[in-house]
Amino acid sequence: MQALAFSYTALSGANPQNLAATPEPSLQSPQWVQATVPSCDNTCNAAGLTAVISGYGGNGEAFFICAADAHGGGRRGGYNFRPNWADKCFVGWGGAEEGITPYHCLCY
């Protein structure tokens, strides 16, 4: 599993502290993919892509970035996490988290 990574290159000029994030040349632009199977990594892999990871949980599993429409309020970002929360995108709604389907996974 490959995580989205950035390299940093100093820009030319008088200020060497002026840095810009430059994606690795082998990476594709991120895109939203409709979830077809539980877990965003499986959905992205089925599309020939890699899931974007936002961090790791206490069990060592990745938090995958997803988005879902909570009660018609518009698509909002959330997370997808294995093993127990792999079949939904968990987003904030009404002061709590709610698992929503259908959902989209962020892939590259």
Side-chain angles (χ1 to χ4, degrees):
M1 182 178 327
Q2 178 182 1
L4 184 60
F6 290 93
S7 62
Y8 292 89
T9 307
L11 298 176
S12 61
N15 183 359
Q17 300 301 319
N18 190 6
L19 301 177
T22 306
E24 295 294 329
S26 63
L27 298 179
Q28 300 175 8
S29 295
Q31 57 188 288
W32 292 106
V33 175
Q34 174 77 45
T36 55
V37 293
S39 187
C40 283
D41 62 335
N42 292 330
T43 289
C44 294
N45 286 339
L49 301 167
T50 302
V52 176
I53 297 170
S54 65
Y56 294 88
N59 67 355
E61 290 289 338
F63 281 100
F64 299 107
I65 297 176
C66 60
D69 182 358
H71 304 281
R75 191 184 295 181
R76 59 188 66 208
Y79 67 91
N80 181 263
F81 186 71
R82 291 185 304 201
N84 298 333
W85 303 318
D87 62 342
K88 295 176 180 66
C89 181
F90 286 82
V91 301
W93 177 257
E97 288 184 343
E98 186 169 337
I100 305 288
T101 58
Y103 62 96
H104 288 78
C105 298
L106 189 59
C107 309
Y108 67 96

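Quick caveat, the model's predicted, so the values are computed rather than measured.
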A.B. asks: SG-SG distance between C105 and C40 under 2.5 Å?
C.D. replies: yes
A.B. asks: How close do Y103 and C89 get, counting heavy atoms only, and between which atoms?
C.D. replies: CB-CB, 3.4 Å
A.B. asks: Show the nearest heavy-atom pair for residues F64 and A51, with the distance to one decimal.
C.D. replies: CD2-CB, 3.5 Å
A.B. asks: Using the rule side-chain contact (heavy atoms from CB on, under 4.5 Å), only one of N80, V52, I100, V33 pairs with C66; which is it?
C.D. replies: N80
A.B. asks: So, for G92 and R76, which heavy atoms are closest and what is the spacing to 0.1 Å?
C.D. replies: O-NH1, 2.9 Å
A.B. asks: Kindly give the heavy-atom pair with the smallest separation between R82 and N59, and that separation in Å.
C.D. replies: O-ND2, 3.5 Å
A.B. asks: Using a 3.5 Å distance criterion without hydrogens, assess whether the side chain of T43 forms a donor-acceptor pair with backbone atoms of T36.
C.D. replies: yes
A.B. asks: Could you point out which residue of F63, Y56, F90 forms a side-chain contact (heavy atoms from CB on, under 4.5 Å) with F81?
C.D. replies: F63
A.B. asks: Might you point out which heavy atoms bring G78 and V91 nearest each other, and give the distance in Å?
C.D. replies: CA-CG1, 3.9 Å
A.B. asks: Walk me through whether E97 and Y79 qualify under side chain to side chain contact (heavy atoms under 4.5 Å, CB included).
C.D. replies: CA-CA 10 Å; E97 288 184 343; Y79 67 91; 2.7 Å; yes
A.B. asks: Once ring pair (Phe, Tyr, Trp, His ring centres under 6.0 Å) is applied, do any residues pair with W32, and if so which ones, sequence neighbours excluded?
C.D. replies: none
A.B. asks: Closest approach of C44 and L106, non-hydrogen atoms and distance?
C.D. replies: SG-O, 3.9 Å
